[in-house]
Q: 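Could you have a look at this structure, given as structure tokens, before my questions?
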Amino acid sequence: MTESYTSSPIDDLWQARALEALNRAVVSNSVPDGRRSLAVEVVTVLMKAGLPISDLHADAFEDRCGAALSVVPGPAGFQVLWRQHPHMENRADDVWRAQQTAMHQALRAIFQAQGFWLKDDQPAGEAPVVIARTRP
């Protein structure tokens with residue numbers, strides 16, 4: 001099935017920015033070709049929500065903070081991870097867990113509001129898994 005999509009110049013700009021950010025925000029080495037479109041949509045939604053996209057290869061600690069994608073096993077989907085400042089990442093205490101849970105819940109709410117299909121059987125504070133743009 002081929003998607004029919006008419007884009008505007010502004011949509012094209014968002015997608016170009018998302019594609020550039022995507023190349024730095026994937027935890028695994030690469031995005032499989034069949035998932036690239038979904039990955040760009042996920043990053044675009046995050047950017048439009050005002051959230052930073054993690055640059056996992058950055059030298060500056062601040063640039064590593066934000067949302068990152070991890071390819072999940074199986075035919076489709078990404079787990080959207082929140083990466084706190086490395087100062088917090090090294091703590092892994094109750095404060096870190098509370099902040100991580102809050103951000104994962106916020107990510108889940110953003111994707112649900114946008115109509116994305118999320119994996120249903122996850123604990124609320126776990127990083128959401130985006131399966132597709134919409135539920136079939």
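If you're wondering where the values come from, they're calculated on a predicted model, not measured in any experiment.
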Q: Can you name the side chain to side chain contact (heavy atoms under 4.5 Å, CB included) partners of P52, sequence neighbours left out?
A: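 P52: side chain to side chain contact (heavy atoms under 4.5 Å, CB included) contacts with W82.
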Q: How would you list, by chain and number, every residue that makes a side chain to side chain contact (heavy atoms under 4.5 Å, CB included) with A127, sequence neighbours excluded?
A: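 So A127 forms a side chain to side chain contact (heavy atoms under 4.5 Å, CB included) with Q79, L81, H104.
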Q: With rounding to the nearest 0.5 angstrom, report the CG to CE distance, L107 to M103.
A: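 Here the rounded value is 5.5 Å.
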Q: To the nearest 0.5 angstrom, please state how far the CZ atom of R108 sits from the NZ atom of K119.
A: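 Spacing of CZ (R108) from NZ (K119) equals 10.0 Å.
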Q: Who are the salt bridge (charged side-chain N to carboxylate O under 4.0 Å, His left out) partners of D120, not counting sequence neighbours?
A: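 Applying salt bridge (charged side-chain N to carboxylate O under 4.0 Å, His left out) to D120 gives R135.
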Q: Within the structure provided, determine whether C65 and R83 are in side-chain contact (heavy-atom separation under 4.5 Å).
A: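 Not touching, per the 4.5 Å side-chain cut-off.
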Q: Considering only residues two or more places apart or on different chains, which pairs with a residue in residues 34-56 satisfy ring pair (Phe, Tyr, Trp, His ring centres under 6.0 Å)?
A: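 As it turns out, there is no ring pair (Phe, Tyr, Trp, His ring centres under 6.0 Å) pair with a partner in residues 34-56 once direct neighbours are skipped.
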Q: Please, which pairs that meet ring pair (Phe, Tyr, Trp, His ring centres under 6.0 Å) have at least one residue in residues 117-136, sequence neighbours excluded?
A: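 Listed by first then second residue: nothing to list.
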Q: May I ask you to test the L69-V31 pair for a side-chain heavy-atom distance under 4.5 Å?
A: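 No; the side chains remain at least 4.5 Å from each other.
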Q: Distance from Q112 atom CD to Q105 atom CD, nearest 0.5 Å?
A: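 Going from the CD atom of Q112 to the CD atom of Q105 covers 10.5 Å.
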Q: Would I53 end up clustered with V129 when hydrophobic side chains under 4.5 Å apart are linked, directly or stepwise?
A: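 I53 and V129: separate clusters.
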Q: Rounded to the nearest 0.5 Å, what separation is found between the CG atom of D55 and the CD atom of E20?
A: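 If I round to the nearest 0.5 Å, the distance is 9.5 Å.
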Q: Strictly distance-based, threshold 3.5 Å: is any side-chain N or O of Q84 a donor or acceptor partner for the main-chain N or O of W96?
A: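 Checking the backbone N and O of W96 against the side chain of Q84, a donor-acceptor pair under 3.5 Å is found.
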Q: Salt-bridge test for R36 and D33: reply yes if a basic N is under 4.0 Å from a carboxylate O, no otherwise.
A: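 Looking at D33 together with R36, the answer is no, because their closest N to O distance does not fall below 4.0 Å.
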Q: For F116 and L38, what are the C-alpha separation, side-chain angles and deciding distance, and is it a side chain to side chain contact (heavy atoms under 4.5 Å, CB included)?
A: CA-CA 10 Å; F116 281 80; L38 175 61; 4.0 Å; yes
Q: Side chains of L46 and F111, heavy atoms from C-beta outward: is any pair under 4.5 Å?
A: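 Of all side-chain heavy-atom pairs linking F111 with L46, at least one is under 4.5 Å.
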Q: Determine the sole option in V71, V72, I131 for which the side-chain contact (heavy atoms from CB on, under 4.5 Å) test with F78 is passed.
A: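 When side-chain contact (heavy atoms from CB on, under 4.5 Å) is applied between F78 and each of V71, V72, I131, only V71 qualifies.
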Q: How would you list all residue pairs meeting side chain to side chain donor-acceptor pair (under 3.5 Å) that involve residues 124-133, not counting sequence neighbours?
A: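 Every pair satisfying side chain to side chain donor-acceptor pair (under 3.5 Å) with a residue in residues 124-133: E41-R133, Q122-E126.
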